[in-house]
Amino acid sequence: MANTKYIFVTGGVTSSLGKGIISSSLATLLQARGYSVTIQKLDPYINIDPGTLNPYEHGECFVTEDGAETDLDLGHYERFLNRPTSQSNNVTTGRIYQSVINKERAGAYLGKTVQVIPHITDEIKNRIQILGNTGEFEIVITEIGGTVGDIEALPYIETVRQLRWELGDDCLVVHLTLIPYLPTTGELKTKPTQHSVKLLQESGVQPDILVCRAERSIGEDIKKKLALFCNVKKEAVIESLDASTIYEVPILMQKEKLDKVVLQRLNLPVEAEPDLVRWKDFLYKLKYPQSEVTIGLVGKYVELKDAYKSISESIIHAGAANDCKVHVKWIHSESVNDENAATHLGNLDAVLVAPGFGERGFVGKIATVKYAREQHLPFLGICFGMQAAVIEFAQNVLQLAGANSSEVDPKTPHPVIDLMEEQKKVTNYGGTMRLGACACDLTPDSLAKKIYKRSQISERHRHRFEFNSNYKEQFEANGMLASGLNPDTGLVEIVEIPEHPWFMGVQFHPEYKSTVANPHPLFVSFVAAAVTHSQEK
Ligand code: GLN
């Protein structure tokens, strides 16, 4: 096999320009030309992983098959490429330092002073090349988190400089910047981009391609000017206009010939065109829906929609699969109670109760379940949302006064959601939840079985607490069925109410597995139930 090609994506001017989407879009175009591509994110912060971060800091924590708690951009990579990522696809400064320090203690550098260059940069280099060295990928795209000029990103930029030198033509750098528009003078300004490229050059890195985010078309003159000032070819100045959906970006990048410029620069053939038939079919369904529904999303982080990124993207995929536009009504769980539930939820076609941790807003989640259960509103509870469904049923149907999760009420007389023995021994918070893919057996004749059309599934987990199986019989005798069980431990992974038109709680996170090419069957069925509900209203 030919050498693996490495593409680095750096960001300049400001953060949040969408490096993840540009990386995913470029990867989509290359994959559609038949290349095997993966994307990796290097995060300059010192946490070992984002698992211990509050979603307000960096949005959702995405979980991979192998149980890595990662940056939400990995979700985009999987959704665009329809290919799982792993622990190797996300590396933080904390992890780099941890492994260098562990090696130092083990004596790997005996006699030497351990330094940022070469020890930290060598470790970063190893992490970048791990994916290339598997032999699975022809192209590895590495997105460097943060913005050029950040002190904490310096070792990464230095590593890019070294790798460019070592890999020569097998490597290129894409720099993503912003071309702001000044309404007072009616102009697009290139100066911030010039400065940001200069900053990169000061670190010894010359970008090959500039991708310029802009709210208005930048035109040929600006492309020429940027090419001149920044030492890039004019055709390598790519305009990236704001798009109506992130799934449009691959098409916009193809129009701008980003894929061709990349292939030329890597000495790969450019003649063929990418096969985007299925992608465009999805986009068409997204843009021209036949019906509309509104689904409520009840959670405590709704001010920051990135906290529920994979859920909202899964809803978009499922909407397209149903030829339906899904409006999401974001509902703060702290604002819902039994008295006002009808006001918040009355006009919805379905409601989803989101994952979460801790007491804040939890009673609002329970009130939401109660309303959905009693009013026959299609309901999907994910993780903490499933636990809320179990608790609501225990309190209001089984009449177990004070029933709760021992996470929320450690003294509850009825811990229907409780810690398993092995979690009771856990003292460290980082990376110690039940994480990653687990098998689940589906009960015959259940809704779950009908939806998945198979008897065993595998889904990803991220939680400490579990359905307390001591209560299982009582639940089943009163109308809540445990329709998914872990084959190894017997733990309840899915609950449903057969009497209800569509009521399901899942202990796992289906949202981590929905992709453009493979919308998740649970979400597809949930949106279909919302469509039916809206027609019956
Ligand atoms: N807090 C719950 C637990 O740890 C649910 C976690 C989640 O929703 N991801 O079990």
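Both counts, for ligands and for their atoms, begin at 1 and track the order of listing.
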Does a donor on one side chain sit under 3.5 Å from an acceptor on the other, for [X] and [Y]?
X	Y	answer
Ser310	Glu60	yes
His317	Ser514	yes
Tyr452	Glu459	yes
Asn90	Asp43	yes

What's the shortest distance from [atom] to any protein heavy atom, and which residue and atom give it?
atom	result
atom 5 (C) of ligand 1	Gly356 O, 3.3 Å
atom 1 (N) of ligand 1	Glu407 OE1, 2.7 Å
atom 4 (O) of ligand 1	Arg464 N, 3.0 Å
atom 9 (N) of ligand 1	Arg462 O, 2.9 Å
atom 10 (O) of ligand 1	Phe465 N, 2.8 Å
atom 7 (C) of ligand 1	Cys383 SG, 3.0 Å

Inset, instruction - Would you please indicate if the ring centroids of Phe475 and Phe467 are separated by under 6.0 Å? - result: yes
Legend entry - Heavy-atom gap His509 to ligand 1 smaller than 4.0 Å: yes
Legend entry - Nitrogen or oxygen of His463 less than 3.5 angstrom from that of ligand 1: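 Checking ligand 1 against His463, no N or O pair falls under 3.5 Å apart.
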Legend entry - Polar proximity ligand 1 side, Pro355 side, N/O cut 3.5 Å exclusive: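 Looking only at distances, the answer is no, because the N/O contact criterion of under 3.5 Å is not met.
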Inset, instruction - Look at atom CG of Asn470 and say whether more than 12 heavy atoms of other residues, nucleotides or ligands are closer to it than 6.0 Å. - result: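 Yes - once you tally the heavy atoms of other residues, nucleotides and ligands closer than 6.0 Å, there are more than 12.
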Legend entry - Distance filter under 4.0 Å to Phe357 heavy atoms, resulting ligand 1 atoms: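 Answer, ordered by atom number: 1 (N), 4 (O), 6 (C), 7 (C), 9 (N).
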Legend entry - Carboxylate-amine/guanidinium contact Glu78 Arg83, below 4.0 Å: no
